[in-house]
Amino acid sequence: MRVCRAVCVRARARSSIPYPGQRQIQYRAFKGGKREAQTKLAELIAAVSKGSYISPHKLTVAEYVQARADYWLASESITPRTAQRYQQMINNQIVPQLGGKLLQKLSALNIEAWHNELRLRGKQRGQGGIAARTIGSVHRVLSKALEEAVKFDLITRNPCKLQPLPKVPASEMQILVGDEVNTLIAALEGHPMKVCAITSLFTGMRLGEVLALRWSKVSLEGKAIHVREALEETKAHGIRFKGPKSAAGRRDITLPDIVIETLDKHRREQLELRVRLGLGKPPDDALVFPRLDGSPQSPSEASRLWCRSAPRLGFPHITFHALRHTHASQLIDAGVDVVTIARRLGHANPTTTLSTYAHLFRETDGAAADAINAALMGPGKA
């Protein structure tokens, strides 16, 4: 190995770096003279000896992250629905601001500036900023890809790990509070999504789980719902049934009286309608919330229907998913331990429940401490 001559203020450090089974020549160009070239060469030699040397490449952030997203989908490590959501983040929040940067040049400073840019112009086509919670979701997708880049020796460290996530204000999670629950129930009278909404509000089920629910998985006498599948809707595959997001998603949820009464009335109305239409007895696997022809509803259409209706119901800030959050808040306020809440919501780990709803635990009582203790003790030990 030797140092080449310095040329004006640019010098090149030329080194023969051994690779398994071959010898390759690596060049580095930088500002400085012969002494700086010698220093740089010493640093390269030290990096090779410590095993921390990474060969430079021209791979951009956009090229790399897209390749990882394609691989995750092809390897089935993520679902098509998740892949679709990741693709939206890549197209709208990662590529516009970071896509053109070289992967190896990405720094914590770039990540910090990226967060600020997302706050101001993070929406599609830069039409306004996105919320801190959404920034956190996008950040985690990029961090996941960069962590794999470290594993594959494409970069030495993950810059996303060096930059903390923005704090999520408690106000970002919109939920029903106090008498708003009863007000919404009254406002839902006669609404096509009334039974769906009440089911989610008092069980914490996701919209996809509610729409995939079959009568064979509802035990009104046993006062329980057995969650075994969910509906997924993607551009690539349309509407289809899938298993729970995790093993914890396969769960049994006990029902309060309001859900039992609402579902019982809904069941009787469905049977009466079938009789009037001359359809006879429903099949054993009949859906609780089907289209008129018995096929599953579109989760996207149902979500849009709710969003259009929410202002007329008097709750423009409440999404359908906010009903699930409201259910969690009710359990927390009642002092239910976080392990039980996690099981009811289908969270794979109580820490997910804590990280999502930590701000809802009241600081002035013992519910938060009891819940955290239960989480630390682990399932089955509380």
Side-chain angles (χ1 to χ4, degrees), residues 66 68-91 134 137-138 140-141 144-145 193 195-197 199-219 224-255 259 263 266 282-307 319-325 327-328 341-350 352-353 356:
Q66 185 61 63
R68 296 316 300 163
D70 292 343
Y71 171 77
W72 296 333
L73 177 59
S75 64
E76 298 183 347
S77 62
I78 59 175
T79 65
R81 176 65 179 172
T82 300
Q84 182 171 295
R85 176 60 181 144
Y86 280 9
Q87 194 61 58
Q88 291 172 342
M89 294 180 183
I90 292 170
N91 294 342
T134 306
S137 298
V138 180
R140 282 185 281 273
V141 172
K144 172 182 170 71
M193 291 192 70
V195 184
C196 284
T199 301
S200 179
L201 181 58
F202 293 103
T203 66
M205 292 172 66
R206 303 174 179 89
L207 177 59
E209 293 172 334
V210 172
L211 295 182
L213 186 62
R214 302 178 189 276
W215 282 113
S216 59
K217 302 302 180 185
V218 177
S219 176
I225 281 177
H226 309 290
V227 181
R228 297 295 183 269
E229 56 189 344
L231 278 183
E232 177 183 71
E233 183 175 7
T234 63
K235 293 180 180 178
H237 302 286
I239 302 170
R240 63 179 183 176
F241 291 90
K242 67 168 187 175
K245 294 178 66 174
S246 65
R250 184 183 174 90
R251 62 201 189 276
D252 299 334
I253 303 175
T254 55
L255 302 178
V259 178
L263 287 176
H266 178 63
D284 293 337
D285 63 346
L287 293 168
V288 177
F289 305 106
R291 296 179 187 271
L292 287 176
D293 62 0
S295 63
Q297 292 190 54
S298 160
S300 296
E301 290 179 4
S303 182
R304 284 193 292 269
L305 173 59
W306 179 268
C307 288
T319 64
F320 192 91
H321 200 69
L323 303 179
R324 172 176 164 85
H325 292 324
H327 182 65
I341 297 173
R343 288 172 179 162
R344 192 168 177 89
L345 295 177
H347 285 162
N349 194 304
T352 301
T353 312
T356 305

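All values reported here derive from a predicted model rather than from experimental measurement. When a residue number appears, it is its place in the shown sequence, counting from 1.
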inquiry  = Looking at every heavy atom in both Val227 and Met205, which two are closest together, and how far apart are they?
reply    = CG2-CE, 4.0 Å

side-chain contact (heavy atoms from CB on, under 4.5 Å) against Ala212, all qualifying residues, sequence neighbours excluded = Glu229, Leu231, Phe241

key: Sequence-distant partners of Arg291, salt bridge (Lys or Arg N to Asp or Glu O under 4.0 Å), two or more places apart   = Glu301

query = What's the shortest heavy-atom distance between Ser246 and Ala348, and which atoms?
reply = OG-CB, 3.8 Å

Partners passing salt bridge (Lys or Arg N to Asp or Glu O under 4.0 Å) against Arg81 (at least two apart in sequence or in another chain) = none

inquiry  = Looking at every heavy atom in both Asp285 and Arg214, which two are closest together, and how far apart are they?
reply    = O-NH1, 2.8 Å

ask   = Between atom CD of Gln84 and atom OG1 of Thr234, what is the distance when rounded to the nearest 0.5 Å?
value = 5.5 Å

message = Could you work out, with side chain to side chain donor-acceptor pair (under 3.5 Å) as the rule, every residue matching Asp70, not counting sequence neighbours?
response = Gln66

task = Please list, chain by chain and in numerical order, all residues satisfying salt bridge (Lys or Arg N to Asp or Glu O under 4.0 Å) with Arg251, sequence neighbours excluded.
result = Glu209

ask   = With Asp284, which residues qualify under side-chain contact (heavy atoms from CB on, under 4.5 Å), at least two apart?
value = none

note = Those residues at least two apart in sequence (or on a different chain) that pass side-chain contact (heavy atoms from CB on, under 4.5 Å) with Pro290 are Gln270, Leu287

key: Residue pair Pro350 / Ala342: nearest heavy atoms and the distance that separates them   = CA-CB, 3.9 Å

query = Nearest 0.5 Å, what's the CD1-OG1 distance between Ile225 and Thr199?
reply = 5.5 Å

query = Do you know which of Arg343, Arg344, Arg228, Lys217 makes salt bridge (charged side-chain N to carboxylate O under 4.0 Å, His left out) with Asp252?
reply = Arg228

query = Do Phe320 and Ser200 come within less than 4.5 Å of each other through their side chains, counting heavy atoms only?
reply = yes

query = At what distance, to the nearest 0.5 angstrom, does CD1 of Ile341 lie from OG1 of Thr352?
reply = 13.0 Å

query = Between atom NE2 of His266 and atom CG of Leu263, what is the distance when rounded to the nearest 0.5 Å?
reply = 7.5 Å

ask   = Looking at SG of Cys196 and CH2 of Trp306, how far apart are the two atoms once the value is rounded to the nearest 0.5 Å?
value = 9.5 Å

request  = Of all the heavy-atom pairs spanning Phe289 and Gln297, show the shortest one and how long it is.
outcome  = O-NE2, 3.0 Å

key: Any residue meeting side chain to side chain donor-acceptor pair (under 3.5 Å) with Trp72, in chain and number order, not counting sequence neighbours   = Glu148

Arg240: side chain to side chain donor-acceptor pair (under 3.5 Å) partners, not counting sequence neighbours = Glu232

ask   = Nearest 0.5 Å, what's the CD1-CZ distance between Ile253 and Phe202?
value = 14.0 Å

remark   = The ring pair (Phe, Tyr, Trp, His ring centres under 6.0 Å) partners of His325 (sequence neighbours excluded) come to His321, Tyr357

key: Distance-minimising heavy-atom pair for Pro80 and Leu73   = CA-CD1, 4.0 Å

message = Could you work out, with salt bridge (Lys or Arg N to Asp or Glu O under 4.0 Å) as the rule, every residue matching Arg324, not counting sequence neighbours?
response = none

query = Excluding sequence neighbours, so at least two apart, what forms side-chain contact (heavy atoms from CB on, under 4.5 Å) with Glu233?
reply = Ile239, Ser298, Pro299, Ser300

